[in-house]
Amino acid sequence: MSRPVVTRFAPSPTGFLHIGGGRTALFNWLYARRHGGKMLLRIEDTDRERSTESAIQAILDGLQWLGITWDGDVVYQFARAARHREVAESLLAQGRAYHCYASQQELEEMREKARAEGRPMRYDGRWRDRDPSEAPPGVKPVIRLKAPQDGETVVEDKVQGRVVWQNKDLDDLVLLRSDGNPTYMLAVVVDDHDMDVTHVIRGDDHLTNAARQTQIYQACGWEVPEMAHIPLIHGPDGAKLSKRHGALGVDAYRSLGYLPIALRNYLVRLGWSHGDQEFFSTQEMIDAFGFEGIGRSPARFDFAKLEHLNGHYMRSSSDADLVSAIETILPEIGPPRGAPTALTPRLRAQLTAAMPGLKERAKTLVELFDSAYYLYASRPLTFEAKAEALLADGGRARIAALLPELEALAEWSAAATEAAVRTFADANGLKLGQVAQPLRAALTGRSTSPGLFDVMDVLGREECLGRLRDQAAKA
RNA sequence: GCGCCCUUCGUCUAGCGGUCCAGGACGUCGCCCUUUCACGGCGAAAACACGGGUUCGAGUCCCGUAGGGCGCGCCA
């Protein structure tokens with residue numbers, strides 16, 4: 001009875017997969033999964049000038065990183081041009097479309113005039129009913145749709161509701177260019193029809209297109225798929241998303257140290273909700289997703305909330321997974337921090353051992369790796385201003401006094417060093433912080449770090465004593 | 001200019017005529033925990049754009065106004 005659900009994600013390969021595209025893909029994917037259907041991937045590369053191979057690769061990589069999979073082979077729209085042409089010719093033969101010989105200049109004048117007279121800027125249909133014999137010699141015509149001039153065109157949108165256009169406000173769009181190539185408007189309709197797409201889920205910047213595409217469906221005598229136009233994502237300032245804010249490629253979010261699972265959770269809640277639920281596992285998203293939960297107003301991109309989610313997912317990730325996540329972005333984030341591009345077995349082991357304390361304190365992988373500085377730093381350490389202040393303020397003297405106690409330790413463990421430090425503090429009438437903070441500074445170069453005794457444990461006896469001696473010597 | 005869409009705390013949102021002196025989350029601010037920073041816990045400030053209707057009753061329905069967005073190509 002009802003056909004199996006088929007959705008599609010149809011990006012044009014003129015740039016990376018940006019955050020809005022990622023969410024559109026996610027929604028299509030979730031809807032298909034929710035209904036046991038398929039999500040197809042179609043690359044809309046009919047603009048030969050602007051489409052690039054690297055952009056296609058970036059989109060594929062981005063989807064893969066986000067964990068969004070598609071069914072079947074990737075469809076390349078340009079490869080289907082002959083089929084698009086065939087449909088246009090067929091419409092022409094049926095009298096539902098016509099040749100238009102208007103020149104670029106004429107069209108420009110038309111727009112100018114309309115603007116001057118305060119009328120909508122539309123093609124005036126001057127070739128609509130002219131006899132082909134009037135065609136000017138040597139001019140290659142375009143094929144335009146003979147769109148209905150009276151009545152209305154209705155889109156029953158699953159998100160926007162019933163949206164109505166007066167046909168007099170819609171003009172005869174071009175189906176086939178004079179060079180014989182299809183326009184986007186035609187190609188989309190033909191492809192969605194041929195691919196048996198049942199649900200078109202896309203940004204609401206396409207809402208007006210939906211009306212014009214509906215006219216094409218009707219001219220072809222084809223069933224119009226369900227439509228769902230989702231509101232766009234805006235930048236933090238409410239304006240259209242630009243490169244300055246969130247319109248980064250999804251690969252940029254990877255480099256920034258975000259986890260795909262966190263980005264997915266953030267994205268799914270942008271414009272969609274399910275009661276008060278904030279956290280969704282992939283399965284929960286699939287089970288709960290539906291058009292009912294999609295709002296109609298645009299949402300602003302908020303890094304702070306993304307970071308919060310990312311922190312949440314980092315804390316609940318396994319230590320091993322986080323280490324390997326860091327390793328994948330290490331070539332990018334390592335060198336700027338004086339760290340290698342790959343982990344040595346020893347460093348990997350230390351990073352893994354320190355991970356419980358590290359992941360608790362970071363919002364991104366980059367931040368996490370940054371706070372792991374003490375693991376990959378080599379003597380002599382460089383000190384942040386606050387760390388230097390802790391050492392200068394009597395800190396070095398305390399380290400010098402404590403040093404013999406630590407050197408004499410028979411066993412080097414978190415418990416053993418903690419006992420020694422506490423005993424030392426008590427014996428000298430010092431608060432633990434007065435001893436611990438200078439130690440932290442000397443060992444990590446920072447005023448903040450994971451638990452001090454865990455740091456000492458992971459770092460090991462020799463490295464710790466070495467770093468402490470460096471400071472004791474300056475006391 | 002024309003068409004279409006949108007408008008609840010700073011942000012994401014719940015709310016589908018009475019249960020709302022509007023709930024959750026992020027952020028912000030306080031307190032607690034604490035060797036630091038986080039995490040966690042507790043608490044606070046913070047919104048129905050405005051004006052008319054409809055109704056016994058409106059954040060919820062209708063109409064205006066204002067503000068914002070998208071579209072108006074032989075781009076996609």
Side-chain angles (χ1 to χ4, degrees), chain A residues 10-14 44-47 49-51 77 100 102 104 107 111 114-123 140-144 155 157 160-161 163-166 169-171 173-179 181-185 187-188 203-212 229 231-232 234 236 238-240 266 269-279 292 295-309 311-312 315 357-363 371 386 390 418 421-422 425 431-437 439-441 444 446-453:
Chain A
S12 54
T14 54
E44 312 223 310
D45 55 351
T46 55
D47 184 344
E49 300 288 304
R50 298 195 299 154
S51 299
Q77 190 161 61
C100 166
Q104 290 293 347
L107 294 174
R111 279 190 278 270
R115 199 192 317 271
E117 295 173 9
R119 288 183 294 106
M121 292 174 263
R122 319 168 23 234
Y123 170 70
K140 292 250 193 184
V142 298
I143 294 180
R144 284 183 186 271
V155 170
D157 195 274
Q160 307 289 334
V163 185
V164 180
W165 286 265
Q166 296 307 311
D169 294 328
L170 267 16
D171 62 2
L173 64 274
V174 174
L175 297 172
L176 204 68
R177 293 189 252 268
S178 53
D179 66 2
N181 284 125
T183 59
Y184 161 80
M185 217 61 84
V188 167
D204 73 7
D205 49 336
H206 285 286
L207 189 56
T208 309
N209 291 340
R212 320 189 87 193
H229 288 89
L232 300 176
H234 287 176
K240 194 174 180 179
Y266 178 71
R269 281 285 289 99
L270 210 51
W272 174 81
S273 61
H274 185 64
D276 284 337
Q277 189 171 350
E278 297 285 347
F279 296 104
E292 326 77 53
R296 290 202 269 175
S297 54
R300 299 188 192 201
F301 194 89
D302 180 17
F303 271 102
K305 189 150 187 178
L306 206 210
E307 292 210 334
H308 176 261
L309 283 169
H312 169 86
R315 270 174 261 128
L358 254 15
K359 70 183 180 188
E360 190 80 12
R361 297 171 165 74
K363 299 246 192 270
S371 65
K386 283 181 184 173
L390 286 170
E418 175 162 7
V421 172
R422 284 189 186 277
K431 297 203 326 197
L432 187 54
Q434 291 178 282
V435 183
Q437 280 302 81
L439 270 179
R440 185 191 313 282
T444 69
R446 309 279 170 83
S447 60
T448 67
S449 79
L452 180 60
F453 306 109

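Numbered from 1 within each chain, the chains take letters A, B, ... in sequence-line order. Model, not experiment: these values are computed from the prediction.
Going from the C1' atom of B:U28 to that of B:C9 covers 12 Å, rounded to whole Å. For the P atoms, the distance from B:C74 to B:U13 is 35 Å, rounded to whole Å. For the C1' atoms, the distance from B:G27 to B:C72 is 39 Å, rounded to whole Å. B:A47 and B:G59 have their C1' atoms separated by 10 Å, with the value rounded to a whole Å. Taking atom C1' on both nucleotides, B:U8 is separated from B:A49 by 10 Å, rounded to a whole Å. Separating the P atom of B:C16 from that of B:G23 is a span of 14 Å, rounded to the nearest Å. Between B:G67 and B:C61, the distance separating the two C1' atoms is 23 Å to the nearest Å. B:C42 and B:C26 have their P atoms separated by 12 Å, given to the nearest Å.
A:Lys386 contributes atom NZ, which lies 5.0 Å from atom OG of A:Ser447 (distance to the nearest 0.5 angstrom). Note that the CZ atom of A:Phe453 and the CZ atom of A:Arg440 stand 8.5 Å from one another [nearest 0.5 Å]. Once rounded to the nearest 0.5 Å, the distance linking NE2 of A:His274 with CD of A:Glu292 reads 9.5 Å. Rounding to the nearest 0.5 angstrom, the gap separating the CG atom in A:Asp205 from the NE2 atom in A:His229 is 8.0 Å.
Regarding A:Asp157, its CG atom lies at a distance of 16 Å from the P atom of B:G71, rounded to whole Å. Atom CE in A:Met185 sits roughly 7 Å away from atom P in B:C72 (whole-Å rounding). What separates CZ of A:Arg269 from C1' of B:U11 is a distance of 11 Å, to the nearest Å. Distance CG (A:Leu270) to P (B:C26): 16 Å, rounded to an integer number of Å. Distance, A:Lys305 NZ to B:U28 P: 14 Å, rounded to whole Å.
In this structure, A:Leu390 reaches neither bases nor backbone, as no heavy-atom distance under 4.0 Å exists between it and the strands shown. Across all strands shown, A:Ala210 has no heavy atoms under 4.0 Å from either base or sugar-phosphate atoms. A:Gln104 comes within 4.0 angstrom of a nucleotide base, judged by non-hydrogen atoms across all strands. Nucleic acid contact class of A:Glu44 (heavy atoms, under 4.0 Å, all strands): sugar-phosphate only. Across all strands shown, A:Asn209 has heavy atoms under 4.0 Å from base atoms, whether or not it also approaches the sugar-phosphate. Contact annotation for A:Arg212: no contact, since no heavy-atom pair falls under 4.0 Å across all strands.
The side chain of A:Asp276 has B:G23 as its nearest neighbour among B:G23, B:A25, B:A76.
Put simply, A:Thr46 has a side-chain N or O that comes within less than 4.0 Å of OP1 or OP2 on B:A76. Contact annotation: A:Arg300 side-chain N/O to B:G10 OP1/OP2 distance is not under 4.0 Å.
Annotation: side chain of A:Leu173 is not in contact with side chain of A:Arg144 (no heavy-atom distance under 4.5 Å).
Salt bridge A:Asp47/A:Arg50: present, at least one basic N to carboxylate O contact under 4.0 Å. Here A:Arg269 pairs with A:Glu278 in a salt bridge; the nearest charged N to carboxylate O distance falls below 4.0 Å.
Pairing for B:G59 is absent, judged as Watson-Crick or G-U wobble with the two contacts each under 3.5 Å. Remark: B:A25 base-pairs with B:U11. Criterion, Watson-Crick or G-U wobble with two distances under 3.5 Å. In this entry B:C42 has B:G30 as its Watson-Crick or G-U wobble partner, both defining distances falling under 3.5 Å. The partner of B:G71, taking Watson-Crick or G-U wobble pairs whose two distances both stay under 3.5 Å, is B:C2.
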Reading nucleotides 33-40 of chain B 5' to 3', which nucleotides get B (base under 4.0 Å from a protein heavy atom), which S (sugar-phosphate only), which -? --BBBBSS
Write out a two-atom table: protein N or O, nucleotide N or O from nucleotides 4-8 of chain B, distance below 3.5 Å.
from	atom 1	to	atom 2	distance (Å)
B:C5	O2'	A:Gln160	OE1	3.3
B:C6	OP1	A:Arg296	NE	3.1
B:C6	OP1	A:Arg296	NH1	2.4
B:C6	OP1	A:Arg296	NH2	3.3

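A donor-acceptor pair under 3.5 Å is formed between the side chain of A:Asp171 and the backbone N or O of A:Tyr123.
Annotation: side-chain hydrogen bond (donor to acceptor under 3.5 Å, both in side chains) contacts of A:Gln160 (sequence neighbours excluded): none.
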